[in-house]
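Notes follow the structure.
A quick note: this is a predicted structure, and the numbers were derived from the prediction, not measured. Here, residue 1 is the first one in the sequence, and each next residue gets the next number. First listed ligand is number 1; within each ligand, the first listed atom is number 1.
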Amino acid sequence: MTTLQTTTPARLLYLHIGSKEPQRQIDFYERLMDLSCTRYPDGSAVLLGPQRAVRLSPADRSGLLAAAFSLGNTEQLNRLRERLEHQGCATLDTQSPLLADGAFSIRDPQGRETLFGVPSELIEISREGMPGRLQHVVFQTTQLEAVIDFYVNTVGFSVSDNVVDPESGQLMVCFLRSDDEHHSLAFFRGSQDEWDHHCYETQEWNDIRDWGDRFAKEHITLFFGPGRHGPGNNLFFMVVDADRNRLEFSAELQTIPAGQEPGHWPQCEHTLNSWGRAWMRS
Ligand SMILES: [Fe+2]
């Protein structure tokens with residue numbers, strides 16, 4: 001099986017976030033995430049920082065509009081597009097200030113938009129700030145099997161770990177990788193279809209401490225963690241942004257060699273946080 005990891009490795013590059021109160025979000029990401037903002041005439045904004053970026057658009061409802069993944073070069077991008085079309089997945093030309101010409105988008109069976117492209121010059125400029133590379137995005141879904149089938153068999157993600165209900169054997173969470181990192185995308189079975197969280201990978205445990213201290217100065221309390229996840233074995237904590245979207249900070253995320261069989265975990269608090277209490281989605 002041809003996978004993203006083996007033929008066209010992809011990394012999460014930026015998120016396109018919609019907000020009912022975009023200025024409040026701009027203030028949050030500038031002040032707390034070291035991003036600098038450029039506004040565009042259509043009311044949208046691009047926020048750029050060290051190894052992380054957000055595109056922000058005014059919207060009726062706050063949430064994620066799209067996630068953009070970067071490919072190593074144009075040849076790999078075109079190769080991925082050919083493979084997707086061969087698999088019967090429609091691709092659409094798309095333009096973004098953060099992607100070079102040739103970028104395209106796809107939609108999953110539930111309508112989530114994913115962009116693929118090569119980073120534009122704008123995003124390649126090095127910037128100052130605390131370490132935290134935008135690394136993964138996670139959703140809750142009412143159609144877990146259908147979306148996993150799409151991302152694995154059509155797009156080419158690889159399953160790193162499955163979490164299953166120990167009584168029913170039903171799949172509850174699936175962690176998917178698009179390069180050597182344990183996951184760049186994951187899905188939780190949920191009673192609603194919603195954006196679960198996104199994550200910034202730091203360099204070490206001390207960075208987690210420093211991010212925690214930064215949020216503490218603004219009296220933004222952690223709502224999950226600190227702890228260590230079972231799948232991925234990464235240290236983490238989570239907070240919320242100005243729209244109450246969930247952000248995670250992580251360190252020590254595992255890498256997984258191509259071809260490794262998926263791991264299996266029981267659905268329980270210890271799997272999601274081996275240090276203690278876990279946020280259990282329902
Ligand atoms: Fe996460």
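Protein atoms that are N, O or S and lie under 2.8 Å from the Fe ion (ligand 1) are these: His136 NE2, His197 NE2, Glu248 OE1.
Seen from the ring of Trp279, Arg281 counts as a face-on cation partner, given the 6.0 Å and 45° thresholds. Cation-pi contact between Arg112 and Phe139: present, with separation from the ring centre below 6.0 Å and deviation from the ring axis of at most 45°.
The aromatic rings of His198 and Tyr200 sit perpendicular to each other, their planes meeting at more than 60°, with 30° as the lower class boundary.
Ring pair Phe187/Phe175: centre-to-centre distance not below 6.0 Å. The aromatic ring centroids of Phe223 and Phe237 lie 6.0 Å or more from each other.
A side-chain hydrogen bond (donor to acceptor under 3.5 Å, both in side chains) with Arg177 is found for one member of His136, Gln254, Gln260, Gln5 and no other, namely Gln5.
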